[in-house]
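Keep in mind the model is a prediction, meaning the values are calculated, not measured. Just follow the structure's listing: the first ligand is 1, and inside any ligand the first atom is 1.
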Amino acid sequence: MKWAVLVGGTGSNLRALLESGFPVSLVISHRSGVKALAVAQQHNVPERVILPKGYAERAQYDAALASALEAFGIEAIAMAGFLRWLGSDMTRRYRGAIVNLHPSLLPAYPGLHAIERAFDEGVLWSGVSVHFVDEGHDTGPLIAQMPVARLVSDTLEDFRGRIQTAEHQLYPRVIAAIDGGEVQLVGNRVVYEKGEQEWMHGHF
Ligand code: GAR
C-alpha cells in the first residue's frame, strides 16, 4: 500500500515511522514551516503544504487534499499531528485505510491538549490510542491502546515525554500491521488476523 502521513507539528511520529524503515510516499501538512516538513525532507519524502486559509469551505480543502493524495496514488493515510477534522467525503473514501493517533486512552480526553488536561485532572493512568478514522472527532474503531502511568513525581514534561515514547513505539507497529493485512476494519469491527493480539494492548 502507498501511505501518506498527514502532519502539522513537530513530526516526531513521522520520524519514528520513517526510522522504523516504513516507506512513506507523501507527507502533507496543514501548517507551513513546521518541523515535520524538515523530517520529510531529511528522509527524501515528497512533502506538500495545504493551508486551510486558501479555502473558504472544508469541502474545498478536502478536495485539494484528495487531489494531492490521488496524484501520488495514495491508498492509506496515517494522521500524525494533523489537527484538522476531515469531512465525510474524505473519511468515507478512505474508510478502513485512514488511522489517527491520539495522546490519551480514548474515549477519554478527545480533542486538543489531551495530555495537559489529563495531567491537570490528576489521572493516575492515561496513554495513547490508535483508531480508524470516522466522521467524528477523535472517534472511530480503536485498533490499539498503550497505557501510560502518571507518577506522583511527574512534571507535565515528564508525563508528556512518556506518552510520546509510547506513541513512537505503538504507531509504527500498528501501521505496519495494517499495511501487512494483519488488522483490518470489517463493518464497524476491527479484526485481527491472528485473533486477539497482545500488541493491541501495547504489551510487546
Ligand atoms: C501527537 O502527540 C499526536 O498524538 C497528537 O499530535 C501529536 C503530534 O506530534 N494528535 C492529536 O492530538 C490528534 N487529536 P508529532 O508532530 O511530534 O508527531
In this structure, atom 10 (N) of ligand 1 is nearest to the protein heavy atom L101 O, 3.5 Å

d(N13 CG, L18 CG) to nearest 0.5 Å is 11.0 Å

Check: of G8, G81, S12, min heavy-atom distance to atom 15 (P) of ligand 1 comes from S12

If we number the atoms of ligand 1 from 1 as shown, the ones under 4.0 Å from a heavy atom of D138 are 13 (C), 14 (N)

the protein heavy atom lying closest to atom 9 (O) of ligand 1 turns out to be N13 ND2, 3.8 Å

request  = Indicate whether any N or O donor in one side chain lies under 3.5 Å from an N or O acceptor in the other, for T91 and E135.
outcome  = yes

Per-atom filter on ligand 1: closer than 4.0 angstrom to a heavy atom of H102 are 4 (O), 11 (C), 12 (O), 13 (C), 14 (N)

Note: L83, heavy atoms under 4.0 Å from ligand 1, region reported as side chain

the protein heavy atom lying closest to atom 5 (C) of ligand 1 turns out to be P103 CD, 3.9 Å

Ligand 1 to G9, heavy atom cutoff 4.0 Å, flagged ligand atoms 16 (O)

If we number the atoms of ligand 1 from 1 as shown, the ones under 4.0 Å from a heavy atom of T10 are 15 (P), 16 (O), 17 (O)

> Would you say the side-chain atoms of T139 and H131 include a donor-acceptor pair closer than 3.5 Å?
Replying inline: no

Checklist line | Residues D154, R162; criterion salt bridge (charged side-chain N to carboxylate O under 4.0 Å, His left out); working and verdict | finding: CA-CA 10 Å; D154 269 358; R162 216 176 297 113; 2.7 Å; yes

| said: If we only consider heavy atoms of G11, is any one of them less than 4.0 Å away from an atom in ligand 1? | reply: yes

CE of M1 to CD1 of I77, rounded to nearest 0.5 Å, is 11.5 Å

Distance col, row I143:CD1 vs R173:CZ, nearest 0.5 angstrom, shows 14.5 Å

The answer for which part of E167 has a heavy atom under 4.0 Å from ligand 1 is side chain

task: Measure from NZ or CZ of R160 to the centre of the six-membered ring of F119, then state whether that distance is under 6.0 Å and the direction lies within 45° of the axis.
output: no

Query raised in the report: Do E75 and Y94 have a side chain donor and acceptor closer than 3.5 Å?
Result: no

Proximity flag A114 to ligand 1, non-hydrogen atoms under 4.0 Å = no

